[in-house]
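Below, all heavy atoms of this structure are taken into account, side chains as well, without hydrogens, waters or symmetry copies. Owing to the predicted nature of the structure, the values given are computational and were not obtained by experimental measurement.
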Amino acid sequence: MATPVTVYGPPVSTAVSRVLATLIEKDVPFQLIPIDLYKGEQKKPEYLKIQPFGQVPAFKDESITLFESRAICRYICDKYADKGNKSLYGTDILSKANIDQWVETDGQTFGPPSWVLLLDLFSSVPVDEALVKKNVDKLAKVLDIYEQKLGQTRFLAGDEFSFADLSHLPHGDYLVNSTDRYGYLFTSRKNVNRWWTEISNRESWKKVLEMRKNA
């Protein structure tokens with residue numbers, strides 16, 4: 001029996017939860033090793049051997065070690081292409097490129113303003129109100145583009161759920177469900193709201209949320 005892959009980090013982490021959702025979608029067995037960020041376990045020498053920047057997640061598959069959640073997820077999709085959701089990361093070069101452009105949009109365009117809003121929700125240090133407003137406006141403009149795109153296709157990269165959609169779940173879930181402060185950015189847009197409702201009800205994501213509760 002193959003050794004399960006190993007994920008290091010707490011499931012409450014947005015980056016860790018992205019990897020967990022991908023593993024569940026791909027039906028790949030895994031073990032989760034909690035890393036206590038408050039105790040600084042991510043800075044211990046043995047952990048830095050597999051994650052030199054002292055962040056989460058880290059990932060191990062036999063002798064392979066990786067970090068950065070989107071790179072890990074792509075690796076999982078490619079190595080275990082025949083398992084679970086076989087079209088999660090596309091089935092040919094064009095579909096993968098189409099998915100990748102939205103994954104990059106998540107990381108570079110959707111992610112930065114949403115991260116500032118997450119800091120506003122959860123940081124113990126107050127975030128400047130002008131900075132918050134600036135990033136609300138930025139995220140609203142991004143979601144306006146999503147609204148147009150999702151009026152043409154069911155999901156971001158076409159009419160099948162893919163890693164392009166999954167990659168948005170970690171930040172989006174906290175913004176929509178943690179408080180009523182920022183959820184309107186999703187729910188006030190018809191197509192975005194329809195898309196968000198569908199992807200956030202995936203069984204894979206529900207299992208990640210259960211893992212968060214039990215952490």
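Among residues two or more places apart in sequence or in another chain, the salt bridge (Lys or Arg N to Asp or Glu O under 4.0 Å) test is passed with Lys79 by Asp61. Residues satisfying the salt bridge (Lys or Arg N to Asp or Glu O under 4.0 Å) criterion with Asp165, sequence neighbours excluded, are absent altogether. Take Glu210 and apply the salt bridge (Lys or Arg N to Asp or Glu O under 4.0 Å) test, not counting sequence neighbours, and it matches no residue. In this structure, Arg194 has no salt bridge (Lys or Arg N to Asp or Glu O under 4.0 Å) partners at least two apart in sequence or on a different chain.
Contact check for Ser200 versus Leu169: side-chain heavy atoms found under the 4.5 Å cut-off. Leu185 has its side chain out of reach of Val192: every pair of non-hydrogen atoms, C-beta onward, lies at least 4.5 Å apart. Glu160 places none of its side-chain heavy atoms less than 4.5 Å from the side chain of Ile99.
The CG atom of Leu88 sits 14.0 Å away from atom NZ of Lys83, with the distance rounded to the nearest 0.5 Å. For the atom pair OG1 (Thr65) and CZ (Phe59), the distance works out to 10.0 Å, reported to the nearest 0.5 Å. Rounded to the nearest 0.5 Å, atoms CG (Asp144) and CZ (Arg189) are 4.5 Å apart. Between atom CH2 of residue Trp195 and atom CZ of residue Phe161 there is a gap of 9.5 Å, rounded to the nearest 0.5 Å. Note: Thr91 OG1 to Lys86 NZ = 12.0 Å, rounded to the nearest 0.5 Å. The structure places CG of Leu131 at 9.0 Å from CG of Leu117, a figure rounded to the nearest 0.5 Å.
Contacts classified as side-chain hydrogen bond (donor to acceptor under 3.5 Å, both in side chains) and involving residues 39-59 (residues at least two apart or in different chains) are not found. Pairs engaging residues 116-131 under the side-chain hydrogen bond (donor to acceptor under 3.5 Å, both in side chains) rule: Asp120-Arg181, Asp120-Tyr182 [sequence neighbours left out].
When the side chains of ILVMFWY residues are joined at heavy-atom separations under 4.5 Å, either directly or via intervening members, Ile64 and Phe53 end up in two distinct hydrophobic clusters. Note on Ile145 and Leu139: separate hydrophobic clusters, where clusters join Ile, Leu, Val, Met, Phe, Trp and Tyr whose side-chain heavy atoms are under 4.5 Å apart, directly or indirectly. Tracing side-chain contacts under 4.5 Å through hydrophobic residues (I, L, V, M, F, W, Y), one never reaches Leu23 starting from Phe67; they form parts of separate clusters. No chain of hydrophobic side-chain contacts below 4.5 Å, direct or via other Ile, Leu, Val, Met, Phe, Trp or Tyr residues, connects Ile35 to Leu48.
Salt-bridge check for Lys133 with Asp137: passed, with a basic side-chain N closer than 4.0 Å to an acidic carboxylate O.
Among all heavy-atom pairs drawn from Ala157 and Asn98, the shortest one is O-ND2, 2.8 Å. Between Pro57 and Val16, the shortest heavy-atom contact is CB-CG2, 3.7 Å. Pairing each heavy atom of Ser95 with each of Gly90, the nearest pair is OG-CA, 3.3 Å. Considering every non-hydrogen atom in both Ala164 and Leu156, the closest pair reads O-CD1, 3.9 Å. Closest of all the heavy-atom pairs between Ser114 and His171 is OG-ND1, 2.7 Å. Across Pro11 and Leu32, no two heavy atoms sit closer than the pair CD-CD2, 3.9 Å.
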Trace of the side-chain contact (heavy atoms from CB on, under 4.5 Å) decision for Phe110 with Leu143: CA-CA 8 Å; Phe110 174 89; Leu143 291 174; 4.1 Å; yes
Passes side-chain contact (heavy atoms from CB on, under 4.5 Å), Tyr89 versus Thr22? Steps please. CA-CA 10 Å; Tyr89 187 42; Thr22 300; over 6 Å; no
Tell me, with the steps shown, if Trp196 and Thr187 meet side-chain contact (heavy atoms from CB on, under 4.5 Å). CA-CA 8 Å; Trp196 176 256; Thr187 59; over 6 Å; no
Take Asp173 and Arg212, measure what side-chain contact (heavy atoms from CB on, under 4.5 Å) needs, and give me the verdict at the end. CA-CA 12 Å; Asp173 182 79; Arg212 284 182 179 176; 3.3 Å; yes
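Atom NZ of Lys149 sits in a crowded spot, with more than 12 heavy atoms from other residues, nucleotides or ligands closer than 6.0 Å.
Side-chain N or O atoms of Ser167 include none that pairs as donor or acceptor with a backbone N or O of Phe163 at under 3.5 Å. In this structure, Asp106 contributes its side chain and Trp102 its backbone to no donor-acceptor pair below 3.5 Å. Distance alone, capped at 3.5 Å, is enough to place a donor-acceptor pair between the Ser188 side chain and the Tyr184 backbone. Remark: side-chain polar atoms of Lys26 are paired, donor with acceptor, to backbone N or O of Tyr80 under 3.5 angstrom.
You'll find the ring centres of Trp115 and Tyr174 outside the 6.0 Å limit. Between Phe186 and His168, the gap from one ring centroid to the other reaches at least 6.0 Å.
A side chain to side chain contact (heavy atoms under 4.5 Å, CB included) with Arg202 is found for one member of Val208, Asn85, Leu166 and no other, namely Asn85.
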